[in-house]
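Right, one structure below, let's go through it.
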Amino acid sequence: MKTQPQTSHISVLMVCLGNICRSPTAEAVLRAQVNAAGLGDYITVDSAGTSDWHMGEAPDVRSMQAATTRLYDLSSQRSRQILSLDFEEFDYILAMDKQNLRDLCAHCPIDHQHKIELLLSYGNTGWTEVPDPYNTGTEGFELVLDLVEVACSAFLTHLIEKHNLPRQQYKHS
Ligand code: 4NP
């Protein structure tokens with residue numbers, strides 16, 4: 001992979017259908033990994049839904065509970081629908097499933113289509129989509145976290161390499 005000059009700022013938008021389960025989880029997981037890598041000044045993360053069904057609502061309590069056990073906090077997030085401006089403003093737009101991807105591509109101007117990818121195109125999970133957990137039990141929400149953690153970690157490694165971001169400096173005493 002070709003390394004580019006260091007990018008000053010990178011913005012990432014996670015997208016699912018309702019923006020109350022999968023994309024808020026992906027937002028929180030990637031942000032936690034970014035902060036743990038000391039890259040909070042370089043990478044910002046947001047999320048949105050393709051639908052307006054849950055506009056203004058907090059994430060699903062089942063997503064919040066599953067996330068809390070792994071020390072991610074979703075409580076301050078509120079659902080919003082993707083805006084036309086998002087296609088211009090975000091550098092990466094990562095869809096949770098293929099229907100989200102199709103809906104995004106249908107609304108995205110041609111100049112920005114290259115920004116849209118499936119989140120699970122990163123990481124070797126063996127899955128291509130993050131399954132919708134809305135009508136499942138707790139195992140569905142745990143699966144979302146399992147897949148999202150692996151994919152976000154691989155995506156962050158990709159960003160660090162592609163944009164020549166600083167790597168974590170470990171201090172030895
Ligand atoms: P999400 O999950 O797209 O991961 O936020 C869903 C949330 C709500 C609905 C479907 C999926 N719903 O049908 O209301």
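Here, residue 1 is the first one in the sequence, and each next residue gets the next number. We count ligands from 1, going down the list as the structure has it; atoms in each ligand are counted the same way.
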Revision key, fill the gap. re atom 1 (P) of ligand 1, the protein heavy-atom contact at minimum distance is C16 SG, 3.5 Å

Review point. When rounded to the nearest 0.5 angstrom, what is the spacing between CG in D132 and SG in C21?
Key: 6.5 Å

Practice item. Determine yes or no for a side-chain-to-main-chain donor-acceptor pair under 3.5 angstrom, with T25 supplying the side chain and L145 the backbone. Key: no

**Study point:** Numbering as shown, the atoms of ligand 1 that approach W53 to under 4.0 Å (heavy-atom distance)
**Key:** 12 (N), 13 (O), 14 (O)

Practice item. Ignoring angles and geometry beyond distance, decide whether S23 reaches within less than 3.5 Å of ligand 1 through its nitrogen or oxygen atoms. Key: no

Practice item. Check each heavy atom of D60 against ligand 1 and say whether those closer than 4.0 Å belong to the side chain, the backbone, both or neither. Key: neither

Check your understanding: Going by the atom numbers of ligand 1, which of them fall below 4.0 Å from some non-hydrogen atom of I20?
Key -> 5 (O), 7 (C), 8 (C)

Review point. Which protein heavy atom lies closest to atom 12 (N) of ligand 1, and at what distance to 0.1 Å?
Key: Y134 CE2, 3.5 Å

Check your understanding: Just checking, is any N or O donor in the side chain of H9 or T44 under 3.5 Å from an acceptor N or O on the other one?
Key -> yes

Revision key, fill the gap. Of all protein heavy atoms, the one nearest atom 2 (O) of ligand 1 is D132 OD1, 3.5 Å

Check your understanding: Looking at the rings of H158 and Y122, which for Trp means the six-membered one, are their centres under 6.0 Å apart?
Key -> yes

Practice item. Output the list of atoms in ligand 1 that are nearer than 4.0 Å to some heavy atom of C21, sorted by atom number. Key: 1 (P), 2 (O), 4 (O), 5 (O)

Check your understanding: Y134 ring centre to R62 NZ or CZ under 6.0 Å, with the angle to the axis within 45°?
Key -> yes

**Study point:** Numbered atoms of ligand 1 (with element) below 4.0 Å of G18, judged on heavy atoms
**Key:** 1 (P), 3 (O), 5 (O)

Check your understanding: For the atom pair CD (Q99) and CG (L104), what is the distance rounded to the nearest 0.5 Å?
Key -> 10.0 Å

Check your understanding: Between N100 and D103, do the side chains contain an N or O donor and an N or O acceptor separated by less than 3.5 Å?
Key -> no

**Study point:** atom 14 (O) of ligand 1: the protein heavy-atom neighbour that sits closest, reported with distance to 0.1 Å
**Key:** H54 NE2, 2.8 Å

